[in-house]
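The structure under discussion appears below in the form of structure tokens.
Residue indices begin at 1 and follow the sequence shown. Values below: all heavy atoms of this structure, side chains included; hydrogens, waters and symmetry mates excluded.
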Amino acid sequence: MSGVDRSQEFRRGPVGPRTRAYEEVLNRIEERITADGLTVGDRLPGERQLAEQLQVSRSSVREALRALATLGVVSSQVGRGPDAGAVLTSRPDSALTDLLRLNLGLSTLSMREVVDTRLMIEQWAVAHAARDGEGALDEMARAIAAMDAATTPEEFVEHDIAFHMAIAAASGNRLTSAIMRALRDAVRRYAIDAVLRLGDTADLQADHRRIHSAVTEGDAAASVAAVTEHLARAYPG
């Protein structure tokens with residue numbers, strides 16, 4: 001982390017009466033990220049300085065920074081002088097996980113929608129991994145071995161997540177990996193329940209080995225078919 005203070009980058013005219021401080025701070029951060037002026041680890045100005053630059057109350061700035069922290073954009077820091085101000089972070093999967101869990105809890109999203117989304121992403125990712133994903137093979141094999149040795153459903157699911165995250169990482173798309181991590185973390189409890197419902201993980205492990213074999217052979221079509229059958233087994237109906 002660079003810890004660079006980019007406070008001067010935020011100078012501009014006052015925030016208009018119809019613009020919330022939260023939206024304006026987001027706009028300023030977006031501008032600097034686009035221009036490569038701010039990176040993960042850089043520090044934003046302190047509350048007082050931001051309030052002066054944006055010409056809004058400190059309470060408005062505090063509310064905006066609180067919202068940004070919830071989104072995973074910044075990590076609030078307590079301190080004075082060079083240690084004052086929030087630090088830019090990068091936790092898109094964490095923010096997505098919280099949002100998915102909330103929507104699942106409120107029933108505004110169904111498990112079927114989440115599983116269908118995961119299926120679409122993983123079909124795309126495993127096809128890319130089969131074409132150019134040699135780096136994922138060892139990690140997938142380690143996860144399979146760890147699942148073989150797992151003694152509880154929770155432990156099995158932990159290594160199952162590692163297996164599927166290796167596929168997502170092999171796609172080379174960081175956003176895909178972040179979304180996959182959020183989807184898996186949001187439905188972790190459901191995954192554990194699925195393992196308990198099946199009672200025996202032998203079929204799931206056979207699926208994992210079939211996926212690993214297809215990726216090893218570079219067969220994209222077989223990889224997609226194996227992933228599709230695997231998720232249908234884990235989440236029937």
Treat each ILVMFWY residue as a node, draw an edge where side-chain heavy atoms are under 4.5 Å apart, and state whether L109 and M120 are in one component.
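No: no chain of side-chain contacts under 4.5 Å links L109 to M120.
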Would the number of heavy atoms belonging to other residues, nucleotides or ligands and lying under 6.0 Å from CZ of R58 be above 12?
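More than 12 within 6.0 Å, yes.
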In terms of heavy-atom contacts, does CZ of R174 have more than 12 from other residues, nucleotides or ligands at under 6.0 Å?
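No, CZ of R174 has 12 or fewer neighbouring heavy atoms, counting only those of other groups under 6.0 Å.
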Could you go through the side-chain contact (heavy atoms from CB on, under 4.5 Å) check for W124 and N173 one step at a time?
CA-CA 11 Å; W124 179 87; N173 187 308; 4.0 Å; yes
Non-hydrogen atoms of [X] and [Y] that approach each other most closely:
X	Y	value
R112	V115	NH2-CG1, 3.1 Å
P153	I192	CB-CG2, 4.0 Å
I144	H208	CD1-O, 3.9 Å
A226	R210	CB-CG, 4.1 Å
I161	D185	CD1-OD1, 4.5 Å
H159	A143	O-CB, 3.6 Å

Measure the [atom1]-[atom2] distance between [X] and [Y] for me, rounded to the nearest 0.5 Å.
X	Y	atom1	atom2	value
T228	Q123	OG1	CD	4.0 Å
D116	R118	CG	CZ	11.5 Å
E47	L65	CD	CG	6.5 Å
F163	R142	CZ	CZ	13.0 Å
R184	E122	CZ	CD	7.5 Å
I179	I121	CD1	CD1	5.0 Å

Strictly distance-based, threshold 3.5 Å: is any side-chain N or O of T117 a donor or acceptor partner for the main-chain N or O of E113?
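A pair under 3.5 Å: yes.
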When you measure from the side chain of H128 to the backbone of A170, do you find a donor-acceptor pair of N or O atoms at a distance under 3.5 Å?
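Checked: no pair found.
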Aromatic ring proximity H230/H164, centre distance under 6.0 Å
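Under 6.0 Å, so yes.
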Given the rule in the side-chain contact (heavy atoms from CB on, under 4.5 Å) test, do I211 and M140 qualify, once you have shown the distances and angles that lead to the verdict?
CA-CA 9 Å; I211 294 168; M140 291 168 69; 4.2 Å; yes
Taking distance alone, no hydrogens or angles, what donor-acceptor pairs closer than 3.5 Å link side-chain atoms of residues 194-203 to residues at least two apart or in another chain?
residue: R197; atom: NH2; partner: A234; partner atom: O; Å: 2.9
residue: D200; atom: OD1; partner: A202; partner atom: N; Å: 2.9

Are R188 and E154 ion-paired here, with the side-chain N under 4.0 Å from a carboxylate O?
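Salt bridge absent between R188 and E154.
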Kindly indicate, with the supporting measurements, whether the criterion side-chain contact (heavy atoms from CB on, under 4.5 Å) is fulfilled by F156 and L204.
CA-CA 11 Å; F156 181 89; L204 294 179; 4.0 Å; yes
